[in-house]
Every structure is written in C-alpha cells, then in structure tokens.
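To keep things clear, I will list the structure first and then write my remarks on it.
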Amino acid sequence: MPEDINLSAALENYLEAIAALKKEKKYARVGDIAKLLDVKSSSVNVAINFLAEQGFVIHEKYGYVDLTEKGERAAAEVQRKHDILFKFFNSLLFLDQSEAEKEACEVEHCVSSETVYKLERLYVLLKKHFLTKPEDMENLRNYLEGKQ
C-alpha cells in the first residue's frame, strides 16, 4: 500500500500540475504551471523552492521544473487517489462526471492512502460480487436517490 505524502493540498496540486505538463508537453516551466493552476508566477516560485528543498523537484532558475523520483512517486500517488475516488463517486455513487471530478479533486488531499486503498477494494468487491447485473446498479441508484 502506498505511503501518504504529507504535503499540503496546494503543494500536491503543484506536483500534479508538473506531472501533467510533463506528460502533455514533455516539460514544465514556472509560467506553464502558473497558467495551469491559475496562480501568479511568484506563488509558483515559492512553492517550487519549497518542493526543491524537500527533494520533490529540481529547478534551475529560469529553466525547466522537473520531478525527482520522490516527486514522481508523490504525484503518481495523488493521481492514483484522484482516479480511484473519481471512479467510486461516478460509478457507485452516481455523481455526474463533473461533480465526481470536483469531489475527487477536493477529497484526494485529505484522505489517507490506506482509506483510498480500502475504497478501491470495496469498489472491486461490490462490482465483482454484488453489482454484477444492470438491475443491481439500477437498484443501488434508486436506493441512493431515496426511491426505494
């Protein structure tokens, strides 16, 4: 089971943004991060300096920002939490995609890796053994919506 990162939600968002930019553009710069997160470049610089001191990123002044191995693991863990929470909210709680996305973004930062691991296991159990037919899912939806 992955370990918790112990960074603030804002700092986790910076790691996610860097990882996303690297995936999309193959690089991340302070200006790109600021634009993606809708913050000022000065805020990005403060966060990047702190993340560099903690060993999550490497940043040369006026250059690219890169994730260290530790930073890549942390960003991947935040993304993993997000993906599992989104799937749980959307597929089992029947939140629409935009609401499930919003909720996952908020919750991913305040829930432990152990809790997310257990939610994932619960999801798999329910889908594999209890929610195997379309009518099972419809009954669950009706129950959650107070129709049963």
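We use all heavy atoms of the structure for the numbers below, so side chains are in, but hydrogens, waters and symmetry mates are not. Numbers here are sequence positions counted from 1.
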Query - salt bridge (charged side-chain N to carboxylate O under 4.0 Å, His left out) evaluation trace for R73 with E69 - result: CA-CA 6 Å; R73 282 193 316 270; E69 186 176 318; 3.3 Å; yes
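- Atom CG of L126 and atom CZ of R121 lie 12.0 Å apart (nearest 0.5 Å).
- Nearest heavy atom pair, residue T68 against residue I58, reads CG2-CG1, 3.6 Å.
- Here L131 contributes atom CG and E138 contributes atom CD; the two are 12.0 Å apart, rounded to the nearest 0.5 Å.
- Taking each heavy atom of C110 and E106 in turn, the nearest pair found is SG-O, 3.9 Å.
- Y117 and I84 fall into different hydrophobic clusters, where Ile, Leu, Val, Met, Phe, Trp and Tyr side chains are chained together by heavy-atom contacts under 4.5 Å.
- Hydrophobic clustering places L119 together with V124 (ILVMFWY residues linked when any side-chain heavy atoms are closer than 4.5 Å, directly or through intermediates).
- Considering CG of L95 and CZ of F88, their distance stands at 10.0 Å, rounded to 0.5 Å.
- Shortest non-hydrogen contact noted between R80 and S113 is NH2-O, 3.9 Å.
- Looking only at distances, no side-chain donor or acceptor of N90 sits under 3.5 Å from a matching main-chain atom of K87.
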Query raised in the report: Going through the checks in order, is the side-chain contact (heavy atoms from CB on, under 4.5 Å) test met by F56 and L7?
Result: CA-CA 11 Å; F56 289 97; L7 289 174; 3.8 Å; yes
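- In this structure a side-chain-to-backbone donor-acceptor pair under 3.5 Å is missing from T132 to K128.
- In this structure the side chain of F130 reaches within 4.5 angstrom of the side chain of L125, judged on heavy atoms.
- Residues passing the side chain to side chain donor-acceptor pair (under 3.5 Å) test with N49: none are found, sequence neighbours excluded.
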Requested in this report: Begin with the C-alpha distance, continue with both residues' side-chain angles, and end with the deciding distance and a verdict on side-chain contact (heavy atoms from CB on, under 4.5 Å) for M137 and F94.
Outcome: CA-CA 10 Å; M137 294 301 287; F94 304 101; 3.8 Å; yes
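- Residue D96 holds its CG atom at 10.5 Å from NZ of K102, rounded to the nearest 0.5 Å.
- For N142, the side chain to side chain donor-acceptor pair (under 3.5 Å) test picks out no residue, with sequence neighbours left out.
- Y14 approaches A47 most closely through the heavy-atom pair CE1-CB, 3.5 Å.
- Note: K70 NZ to L51 CG = 9.5 Å, rounded to the nearest 0.5 Å.
- A pairwise comparison of heavy atoms in Y64 and H59 identifies O-CD2, 3.4 Å as the closest pair.
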Query raised in the report: Step by step, would you call L11 with Q54 a side-chain contact (heavy atoms from CB on, under 4.5 Å)?
Result: CA-CA 11 Å; L11 290 171; Q54 300 301 310; over 6 Å; no
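- Identified under the salt bridge (charged side-chain N to carboxylate O under 4.0 Å, His left out) test for residues 10-24, with sequence neighbours left out: K22-D66, K22-E72.
- With rounding to the nearest 0.5 Å, the separation of NZ in K127 from OG in S91 is 5.5 Å.
- Ion pairing of E114 with K118 is present here, as a side-chain N (NZ or NE/NH1/NH2) and a carboxylate O approach within less than 4.0 Å.
- Cluster annotation: F86 is not connected to Y123 through the hydrophobic network of ILVMFWY side chains, with a link wherever side-chain heavy atoms come within less than 4.5 Å.
- Under the 4.5 Å side-chain heavy-atom criterion for grouping Ile, Leu, Val, Met, Phe, Trp and Tyr, L85 is connected to L122 within one hydrophobic cluster.
- More than 12 heavy atoms of other shown residues, nucleotides or ligands fall within 6.0 angstrom of atom CD in E135.
- Hydrophobic clustering, with ILVMFWY side chains joined whenever heavy atoms are under 4.5 angstrom apart, keeps Y27 apart from L15.
- Between I48 and I18, some side-chain heavy-atom pair lies under the 4.5 Å cut-off.
- Of the possible polar contacts, none joining the S41 side chain to the G31 backbone as a donor-acceptor pair under 3.5 Å is found.
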Requested in this report: With side-chain contact (heavy atoms from CB on, under 4.5 Å) as the test, would you mind laying out the steps for H82 and E101 before giving the verdict?
Outcome: CA-CA 8 Å; H82 178 94; E101 180 70 27; 3.0 Å; yes
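- Exactly one of N45, L21, V39 qualifies for a side chain to side chain contact (heavy atoms under 4.5 Å, CB included) with I33. That residue is L21.
- Summarising the local packing, CD of E145 is surrounded by more than 12 heavy atoms from other residues, nucleotides or ligands at distances under 6.0 Å.
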